[in-house]
> 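First the structure, then my questions, so here it is.
Index from 1, following the sequence. Just so it is clear, the model here is predicted, and its values are computed rather than measured.
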Amino acid sequence: MSRTLLNVMKRFYVPALLVLLIFGALRLEFHSPLTTTVDAHEGFHTNSSLSIIPSGQKSVKAPAAALTTASYTANKKTVYLTFDDGPTKLTDQVLSILSRNKIKGTFFVLGEQAERYPEVIRRISESGHVIGNHTYDHEYKKLYHNFSEFWGQIKQTEEILRNITGTRPELIRAPGGTFGHFDHNYFKLLEQGGYTVFDWDVDTRDSSRKGVPASELIRNVKQAKLKDQIVVLMHDGAGHDQTVKALPEIIAYYKAHGYEFGTLSPKVKPVQFSVHVSAVYGGRVQPTQKWIAAHVVPNAALFKHAAPLIVEAGGVATEMKSGEYELSSGRYLVPLRAVLERLGATVKWNNAEHAAVVSWGTRTLTVRADSNIVELRKKADSSFTTYQIPVSTRNDAIWIPLRSLLEMLGHPVVQAAAGPDNYKVIAS
């Protein structure tokens, strides 16, 4: 009896036990990738035998791990080093330090300094750094007295930089920051005009007093809270030698904490202080709707990325970038001074008659800003011809139909074409 029972156990129970053991092993294998994914997500090292799949090859195991990796990449830590008040002689030292570390920065420059150091502006741009607008002269009383003064300095600096680099900066930093200076209208109108305003997260306080030592600047950076995106304020203006001295250690600090270095752009979430206007600027006059319509509304078109317009006349060619011209109802509208000065004409403003006076070759045009009347005079003729041409004023510039303008100046259009990369208007 006992022998018979033993044979039954061998016949039925042993195979059943083997099945249970095999099933348990399979469950462990199916669960192990999930365990690895959790460990990797939490930042721990494992002794998993799973191999890393090279790019381009397929893996049939643990799709969840790929999702974890993608999520981790999306949340990478980035620091943006920014420098205000330049360019100066110190800027080249900053550029050298950034170059040695193979990182890029964002430079918020002053118009008056760009005029003094255009070659430094070119080096900033050609080295792949980003240039932002920091107004023309940094004078608080003028900039924050009313918005139209602030806007005027932004546009003045923008044209200086465009003439040097060929591009317009879309980024703005307010001197002293927006807190205490900007009201809601400043933010609203600058955004409406196509600009992005950036304040900062970390202030090195290198402008809190004269000659702040490098050790203090480094300490201020290290005491600031770390987070996924950080915008650091520094200055490369005159007298900031200690900032240059501190910069290598500031870079090393963020590298040690796993940060990548980026440049600001309209795609980066802007850091902006809360709105609080100092009592000093409490009585400022707000711009009228007419002023906004003439200056702010059309400005956003300057930053729309459309094909450029090539204009050729009198053997000279120039390129009008997106926003520097308008295609409306089948005709090109252009800012009179901008296009004609690039083609070699002379444009002067007659304040008494509120008119632009154009001289090109043997012809002189008088274009009145407050009417649609244009007068043409020829040197060999004492008489003049009057034309009625639709003109408008935007951002203190007279806009006029291109074909009419060229024909009045003796350069009739012989060809107009639209290609995949640009538009072309060729005149005699």
> Which atoms form the tightest heavy-atom contact between P87 and D236, and what is the distance?
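Scanning both residues completely, I find the closest heavy atoms to be CA-OD2, 4.4 Å.
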
> Please name the pair of heavy atoms, one in V414 and one in S428, separated by the smallest distance, quoted to 0.1 Å.
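Residues V414 and S428, closest heavy atoms: CG1-N, 4.4 Å.
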
> Would you please say whether a donor-acceptor pair under 3.5 Å links the side chains of E158 and N133?
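Distance-only check fails for E158 and N133.
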
> Which distance, rounded to the nearest 0.5 Å, do you find between the CG of D206 and the CE of M234?
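With rounding to 0.5 Å, CG (D206) is 8.0 Å from CE (M234).
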
> Between the side chains of T204 and H235, does any donor sit under 3.5 Å from an acceptor?
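The criterion, which ignores hydrogens and geometry beyond distance, is not satisfied for H235 and T204.
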
> Checking salt bridge (Lys or Arg N to Asp or Glu O under 4.0 Å) between E216 and each of K222, K245, R209, which is the one that passes?
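Between E216 and the candidates, salt bridge (Lys or Arg N to Asp or Glu O under 4.0 Å) is satisfied uniquely by R209.
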
> To the nearest 0.5 Å, how far apart are OG1 in T167 and CG in L302?
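Rounded to the nearest 0.5 Å, the OG1-CG separation comes out at 12.5 Å.
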
> Does G105 offer a backbone N or O that forms a donor-acceptor pair with the side chain of H129 under 3.5 Å?
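A pair under 3.5 Å: yes.
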
> Checking side-chain contact (heavy atoms from CB on, under 4.5 Å) between L376 and each of T366, L365, V358, D381, which is the one that passes?
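Per the side-chain contact (heavy atoms from CB on, under 4.5 Å) rule, the option paired with L376 is L365, out of T366, L365, V358, D381.
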
> Looking only at heavy atoms, which two atoms of G262 and T78 are closest? And how far apart?
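The answer is N-CG2, 3.8 Å.
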
> Could you tell me if the side chain of D92 sits less than 4.5 Å from the side chain of R123, heavy atoms only?
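Of all side-chain heavy-atom pairs linking D92 with R123, at least one is under 4.5 Å.
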
> Does the S125 side chain pair with the main chain of R122, one donor and one acceptor, at a distance under 3.5 Å?
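Answer holds: no.
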
> Quick check against the 3.5 Å criterion: does K104 have a side-chain atom that pairs as donor or acceptor with the backbone of S127?
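Looks like yes, one N/O pair under 3.5 Å.
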
> Test R363 against K379 for side chain to side chain contact (heavy atoms under 4.5 Å, CB included), laying out the working first.
CA-CA 6 Å; R363 301 194 180 201; K379 284 186 178 180; over 6 Å; no

> Do I160 and Y136 come close enough that some side-chain heavy atom pair is under 4.5 Å?
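I160 vs Y136: side chains touch.
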
> Consider side-chain contact (heavy atoms from CB on, under 4.5 Å). Of I251, I250, L81, I103, which one does I97 pass it with?
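Result for side-chain contact (heavy atoms from CB on, under 4.5 Å) with I97: I251.
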
> Going from CD1 on I124 to OG1 on T106, what distance comes out if it is rounded to the nearest 0.5 angstrom?
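OG1 of T106 is found 10.5 Å from CD1 of I124.
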
> Would you indicate whether the side-chain heavy atoms of L264 and F108 approach each other to under 4.5 Å?
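Result yes, sub-4.5 Å side-chain heavy-atom pair found.
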
> Begin with the C-alpha distance, continue with both residues' side-chain angles, and end with the deciding distance and a verdict on side chain to side chain contact (heavy atoms under 4.5 Å, CB included) for K155 and R168.
CA-CA 10 Å; K155 296 304 296 181; R168 300 171 182 274; 4.2 Å; yes

> Y259 and K227: which non-hydrogen atoms are nearest, and at how many Å?
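Reported closest heavy-atom pair: OH-O, 2.5 Å.
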
> Please report the C-alpha distance between H295 and D396 in whole Å, then the side-chain angles of each, then the deciding distance to 0.1 Å, and finally whether the side chain to side chain contact (heavy atoms under 4.5 Å, CB included) criterion is met.
CA-CA 8 Å; H295 294 79; D396 298 324; 3.3 Å; yes

> Identify the two heavy atoms, one from G239 and one from L90, that lie closest to each other, and give their separation to 0.1 Å.
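Of all heavy-atom pairs spanning G239 and L90, the closest is N-CD1, 4.2 Å.
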
> Could you state the interatomic distance from CG (N101) to OG (S96), rounded to the nearest 0.5 Å?
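Rounded to the nearest 0.5 Å, the CG-OG separation comes to 11.0 Å.
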
> Could you report the tightest heavy-atom contact between G193 and N299, atom names first, then the distance?
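Between these two residues, the closest heavy atoms are O-ND2, 2.8 Å.
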
> Ignoring hydrogens and angles, tell me if any N or O in the side chain of T157 forms a donor-acceptor pair with the backbone of Q153 under 3.5 Å.
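Yes; judged by distance alone, with no hydrogens or angles, the pair exists.
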
> Roughly how far, to the nearest 0.5 Å, is CD1 of I426 from CG of L406?
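These two atoms lie 12.0 Å from each other.
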
> Do the non-hydrogen side-chain atoms of V311 and L309 ever get within less than 4.5 Å of each other?
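SC-SC contact between V311 and L309 confirmed.
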
> Do side-chain atoms of H276 reach the backbone of G180 as a donor and acceptor pair under 3.5 angstrom?
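No: the side chain of H276 does not pair with the backbone of G180.
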
> What is the distance from atom CZ of F198 to atom OG of S265, rounded to the nearest 0.5 Å?
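Answer for the CZ-OG pair, F198 versus S265, is 6.5 Å.
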
> Considering only heavy atoms from C-beta outward, does the side chain of P270 approach that of E191 to under 4.5 Å?
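Sidechains of E191 and P270: no contact.
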
> Given H257 and V79, is the side chain to side chain contact (heavy atoms under 4.5 Å, CB included) satisfied, shown in steps?
CA-CA 11 Å; H257 282 81; V79 60; over 6 Å; no

> Quick one: does any side-chain atom of N372 pair with a main-chain N or O of V391 as donor and acceptor, under 3.5 Å?
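Yes; judged by distance alone, with no hydrogens or angles, the pair exists.
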
> Any heavy-atom pair between the side chains of Y140 and V280 that's under 4.5 Å?
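The answer is no; the side chains never approach within 4.5 Å.
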
> Mark yes or no for whether Q192, through its side chain, and V296, through its backbone, hold a donor-acceptor pair below 3.5 Å.
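No.
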
> Got L110 and H134 here, is their nearest side-chain heavy-atom distance under 4.5 Å?
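When only atoms from C-beta onward are counted, H134 and L110 do touch, with a gap below 4.5 Å.
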
> So, does Q242 use its side chain to make a donor-acceptor pair with the main chain of P213 at under 3.5 Å?
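No, Q242 side chain to P213 backbone: no donor-acceptor pair under 3.5 Å.
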
> Flag the pair R284 and D183 as a salt bridge only when some basic side-chain nitrogen lies within less than 4.0 angstrom of an acidic carboxylate oxygen.
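So R284 pairs with D183 through a salt bridge.
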
> With R173 as reference, evaluate D199, T178, T82 under the side chain to side chain donor-acceptor pair (under 3.5 Å) test and give the passing residue.
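It is T82; the other options fail the test.
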
> Using a strict threshold of under 4.0 Å (side-chain N to carboxylate O), is an ion pair present between R368 and E353?
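Salt bridge between E353 and R368, a charged N being under 4.0 Å from a carboxylate O: yes.
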
> Report the C-alpha separation of E341 and R337 in whole Å, then their side-chain angles, then the decisive distance to 0.1 Å, and conclude whether the salt bridge (charged side-chain N to carboxylate O under 4.0 Å, His left out) test is met.
CA-CA 6 Å; E341 286 188 341; R337 179 187 290 271; 2.9 Å; yes

> Out of F83, Y80, Y117, which residue meets the ring-ring contact (aromatic ring centres under 6.0 Å, His included) rule with F107?
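Only match with F107 under ring-ring contact (aromatic ring centres under 6.0 Å, His included): F83.
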
> Please answer whether the main-chain N or O of G86 pairs with a side-chain N or O of Q113 as donor and acceptor at a distance below 3.5 Å.
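No; zero donor-acceptor contacts below 3.5 Å.
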
> Determine the sole option in F187, Y195, Y281, Y186 for which the ring-ring contact (aromatic ring centres under 6.0 Å, His included) test with F150 is passed.
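The residue from F187, Y195, Y281, Y186 that satisfies ring-ring contact (aromatic ring centres under 6.0 Å, His included) with F150 turns out to be Y186.
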
> Step through the shown structure and confirm whether more than 12 heavy atoms of other residues, nucleotides or ligands are within 6.0 Å of CD on E249.
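For E249, atom CD is not crowded (no more than 12 foreign heavy atoms under 6.0 Å).
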
> Using distance alone, with no hydrogens and no angle criterion, decide if E319 and N422 have a side-chain donor and acceptor under 3.5 Å apart.
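Short answer, no.
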
> Can you check whether H181 reaches P175 side chain to side chain, under 4.5 Å on heavy atoms?
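No, every pair of side-chain atoms sits at 4.5 Å or beyond.
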
